[in-house]
Protein chains: 2
Amino acid sequence: MTAKPKLTKNQSVVLKALTRAKKPLTAYEILDLATVRTQGLKAPLTIYRALDRLRDEGLVHRIESLNAFLACCEKAGHTEPVGFVICDNCRKSVELRLSDCETHLGASAEAAGFQVGEIRVEMTGLCPACVKAAARQG
Amino acid sequence: MTAKPKLTKNQSVVLKALTRAKKPLTAYEILDLATVRTQGLKAPLTIYRALDRLRDEGLVHRIESLNAFLACCEKAGHTEPVGFVICDNCRKSVELRLSDCETHLGASAEAAGFQVGEIRVEMTGLCPACVKAAARQG
DNA sequence: TCTATACCATTATATCATTACATCATGCGA
DNA sequence: TCGCATGATGTAATGATATAATGGTATAGA
């Protein structure tokens, strides 16, 4: 087991904010939250530093296509590759296991001579709630 | 057959620049190229507009994790989902067929109740040349 | 106490992208 | 031909995201 040193106050504040949001937030959105402001966090860099640490721990993931950050669905965090599916309408996002696709994807990259590091998968579409809403609109 | 109206001068200049670069460039990097500047393109917006059109035509892809743009490997362009593998060291990038992975990925998302639109896959690692270079370093 | 380390604060700046609005060229119907 | 709609373009300003540079504070251990 790797030792998981306890999070600092700033890191906890940011993680709690993301967990409560249940959707991806940009660093500046986090900064604007009352719960974050009242804890004394007031510069972008403070947020980014906390996010860096949380990402190292696997507790937060970055969504590249939104420039935003999402709390990991697992309390303990993880660094295995995962995918995300993001609602175009409400931005609700869900973390998905890649169900072995990462193996195939990695193999394609290796076939091209690359040594593969990270694999990121992001899908966009409509979440269940927004699908229903769209159906009602006709 | 869909009619493919001819590209405008700005669009051609940008596409040619990306094709010659053989790697992803940001909009501002494109803007700084002599070949682009001498054609009279001098504002970011001009570049972004050309890129929008080229992306609609499937002639250029956007790499989300770099905020950069890459010319499509096929002359005619396409809009099918593809993946990219990007060298962490030199930024050389290659477009990859997803070899049916997109079907599985889409299925996972649909299992979560999402209606899937776009699928984006980006991998990072080392390109063949940089792997060799790293090996020589020991 | 001294020093090393980790964490954090502040300001400024770099980087990426869009909004707002004016202009120009082209094509098309009256 | 004239008037007008349309779309591409130009310019300036701004918004949004992220990092650099510098230094302060707290704590732990020699």
Side-chain angles (χ1 to χ4, degrees), chain A residues 2-18 21 23-33 36-57 59-70 86 88 91 93 120 122 124, chain B residues 2-18 21 23-33 36-57 59-70 86 88 91 93 120 122 124:
Chain A
T2 330
K4 294 264 178 180
K6 185 163 146 307
L7 298 177
T8 67
K9 182 192 144 212
N10 282 2
Q11 290 155 10
S12 302
V13 168
V14 169
L15 179 58
K16 190 167 294 185
L18 278 177
K23 63 177 190 178
L25 297 178
T26 69
Y28 286 76
E29 286 169 341
I30 295 169
L31 189 57
D32 283 344
L33 293 173
V36 171
R37 273 294 159 96
T38 57
Q39 293 297 312
L41 287 73
K42 54 186 172 179
L45 189 49
T46 310
I47 306 296
Y48 282 110
R49 274 193 289 235
L51 288 170
D52 281 347
R53 167 77 191 286
L54 292 168
R55 287 212 286 153
D56 283 347
E57 302 287 342
L59 293 166
V60 163
H61 306 296
R62 180 186 162 95
I63 312 270
E64 301 288 346
S65 57
L66 296 176
N67 294 322
F69 303 85
L70 179 66
I86 305 148
D88 279 329
R91 231 170 44 161
S93 301
R120 288 189 286 265
E122 297 180 12
T124 57
Chain B
T2 331
K4 294 265 177 181
K6 186 166 145 303
L7 297 177
T8 67
K9 182 195 142 210
N10 282 2
Q11 291 152 11
S12 302
V13 168
V14 169
L15 179 58
K16 190 167 293 181
L18 277 178
K23 64 177 189 178
L25 297 178
T26 70
Y28 284 77
E29 284 170 342
I30 294 170
L31 190 57
D32 283 343
L33 293 173
V36 170
R37 270 294 158 97
T38 57
Q39 293 298 312
L41 287 72
K42 53 184 171 180
L45 184 52
T46 311
I47 306 296
Y48 281 109
R49 275 197 287 233
L51 288 170
D52 281 346
R53 169 72 190 288
L54 293 167
R55 287 210 288 154
D56 282 347
E57 301 288 341
L59 293 165
V60 163
H61 306 296
R62 181 187 162 96
I63 312 269
E64 301 288 347
S65 56
L66 296 176
N67 294 323
F69 303 86
L70 180 67
I86 305 149
D88 280 327
R91 231 173 37 161
S93 301
R120 289 188 286 265
E122 297 179 14
T124 57

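Quick caveat, the model's predicted, so the values are computed rather than measured. What you see below is based on every heavy atom in this structure, not just the backbone, and it leaves out hydrogens, waters and symmetry mates. In what follows, chains are A, B, ... by sequence order, proteins preceding strands, each numbered from 1.
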Is the shortest side-chain heavy-atom distance between A/Arg62 and A/Asn67 below 4.5 Å?
yes
Write down the protein N/O and nucleotide N/O pairs, taken from nucleotides 5-15 of chain C, whose separation is under 3.5 Å; answer none if there are no such pairs.
from, atom 1, to, atom 2, distance (Å)
C/dC8, OP1, A/Thr8, OG1, 2.8
C/dA9, OP2, A/Asn10, ND2, 3.4
C/dA9, OP2, A/Thr46, OG1, 3.3
C/dA9, N7, A/Arg49, NH2, 2.7
C/dA9, N6, A/Arg49, NH1, 3.4
C/dT10, OP1, A/Lys42, NZ, 3.3

Does atom NZ of B/Lys42 have more than 12 heavy-atom neighbours from other groups under 6.0 Å away?
no
Here the gap from B/Thr124 atom OG1 to B/Asp88 atom CG, rounded to the nearest 0.5 Å, amounts to 4.5 Å
Do the charged groups of B/Glu29 and B/Arg91 touch, with an N to O distance under 4.0 Å?
yes
For the atom pair OG1 (A/Thr26) and CD1 (A/Ile63), what is the distance rounded to the nearest 0.5 Å?
12.5 Å
Atom CG of B/Leu31 and atom C1' of C/dC16 are separated, to the nearest Å, by 12 Å
Between which nucleotides of DNA chain D, 5' to 3', does chain A make heavy-atom contacts below 4.0 Å?
D/dT17 to D/dA21
Should A/Ile47 and A/Val36 count as side-chain neighbours, where that means a heavy-atom distance under 4.5 Å?
yes
Using modelled atom types only, decide if a donor and an acceptor are shared between the side chain of A/Arg37 and the backbone of A/Leu31 within a distance under 3.5 Å.
yes
How long is the straight-line distance from CG of B/Leu66 back to CD1 of B/Ile86, given to the nearest 0.5 Å?
5.0 Å
